[in-house]
Amino acid sequence: MPVIPAPLTRPDGTALRVLTVDDEPSLTELLSMAMRYEGWEISTAASGAEAVKVAREVQPDAIVLDMMLPDFDGLEVMRRIRAEQPDVPVIFLTAKDGVSDRITGLTAGGDDYVTKPFSLEEVVARVRGLLRRSGATTVQPETQLVVGDLVLDEDSHEVSRGGTPINLTATEFELLRYLMRNPKRVLSKAQILDRVWNYDFGGQANVVELYISYLRKKIDAGREPMIHTMRGAGYVLRPAGA
């Protein structure tokens, strides 16, 4: 069964921070959702002044920056931010016919550009590449499974959510590992029983329900839930908010 690749993180293991700047709320929301799925912390701004303020507060590892903003343009935003963060990589969003904008952005120190309209996958791939090249990232060991802010280490058997350690029994750990190896996939009680308890489905669905409830108390208590019941189908684990 394939292991879900761990996301890029900062060298200290914390989430990478990306600032998205655009005055189109729908576009900003789409970009934010796509990048949050990568496990990154996303901040947004709808104007140049707001972008400079937010950048000062969050110290982003990368910036996705629209060239045209209501108060001043992306070049001025980059200039002001880099006065305080000289090495932060910037990807410009430019109009389809804005060839001069792209050339100006790159010669002024922008690291990359994407033309509108664009695919979300392309932007995420460009940001990922920039983060790797900038040295802001590390790749977590392959022994780790990561879904949203939930991390499970298959070697040490350590589990944490949002950086908070979670103590699990051996059976709870196996159940969570199976769920995390299949994120966003609905798993039936029969599949879970066979995989975790290693015996055929035969009226023992109650043990699956019991251990799912144990896991929920430890993983989801006081947090946005990740483990969901799909009535009549089984259970699914999804990143919070997904």
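This chain uses plain numbering: 1 for the first residue, then up along the sequence.
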Salt bridge (Lys or Arg N to Asp or Glu O under 4.0 Å) assessment of Lys53 paired with Glu50: CA-CA 5 Å; Lys53 178 176 179 293; Glu50 185 183 7; over 6 Å; no
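- In the hydrophobic clustering of this structure, Ile91 does not group with Met33; members are Ile, Leu, Val, Met, Phe, Trp, Tyr whose side-chain heavy atoms approach within less than 4.5 Å, directly or through other members.
- Counting only distance, with no hydrogens or angles, the side chain of Asp149 and the backbone of Arg161 share no donor-acceptor pair below 3.5 Å.
- Here the shortest heavy-atom pairing between Gln85 and Pro60 reads NE2-O, 3.3 Å.
- Listed for the Asp61 side chain is a donor-acceptor partner under 3.5 Å among the backbone atoms of Arg17.
- Asn182 places no side-chain N or O within donor-acceptor distance of the main-chain N or O of Arg185, the cut-off being under 3.5 Å.
- In this structure, OG1 on Thr94 lies 10.0 Å from CZ on Phe118, to the nearest 0.5 angstrom.
- Residues meeting the salt bridge (charged side-chain N to carboxylate O under 4.0 Å, His left out) test with Asp71, sequence neighbours left out: none.
- Listed for the Glu84 side chain is no donor-acceptor partner under 3.5 Å among the backbone atoms of Arg56.
- When all heavy atoms of Ala51 and Ile81 are compared, the pair lying nearest together is O-CD1, 4.0 Å.
- Residue Ala46 comes nearest to Asp23 through the heavy atom pair O-CB, 3.4 Å, listed as atom of the first residue, atom of the second, then distance.
- Applying the under-4.5 Å side-chain rule to Ile, Leu, Val, Met, Phe, Trp and Tyr, the cluster around Met230 extends to Val186, Val236.
- The CD1 atom of Ile227 sits 6.0 Å away from the CD1 atom of Ile219 when rounded to the nearest 0.5 Å.
- The structure places CD of Glu158 at 9.0 Å from CD of Gln144, a figure rounded to the nearest 0.5 Å.
- The salt bridge (charged side-chain N to carboxylate O under 4.0 Å, His left out) check on Glu24 picks up Lys116, with sequence neighbours excluded.
- Under the side chain to side chain contact (heavy atoms under 4.5 Å, CB included) rule, Tyr235 has a single partner from Leu175, Leu215, Leu187, Val208, which is Val208.
- Distance check: Lys184 NZ to Tyr37 OH gives 4.0 Å after rounding to the nearest 0.5 Å.
- Annotation: ring-ring contact (aromatic ring centres under 6.0 Å, His included) contacts involving residues 41-69, sequence neighbours excluded, are absent.
- Between Thr164 and Arg223, the shortest heavy-atom distance links the atoms CB-NH2, 3.8 Å.
- Atoms CE and CZ, from Met67 and Phe92 in turn, are 4.5 Å apart once rounded to the nearest 0.5 Å.
- Looking only at distances, a side-chain donor or acceptor of Lys218 sits under 3.5 Å from a matching main-chain atom of Asn167.
- When the side-chain contact (heavy atoms from CB on, under 4.5 Å) test is applied to Ser43, the partners found at least two apart in sequence or on another chain are Leu19, Val54, Val58.
- Residue Val147 comes nearest to Pro183 through the heavy atom pair CG2-CB, 4.0 Å, listed as atom of the first residue, atom of the second, then distance.
- The line from OG1 of Thr28 to CG of Leu93 is 9.0 Å long, rounded to the nearest 0.5 Å.
- The ring pair (Phe, Tyr, Trp, His ring centres under 6.0 Å) test applied to Tyr214 returns Tyr211, not counting sequence neighbours.
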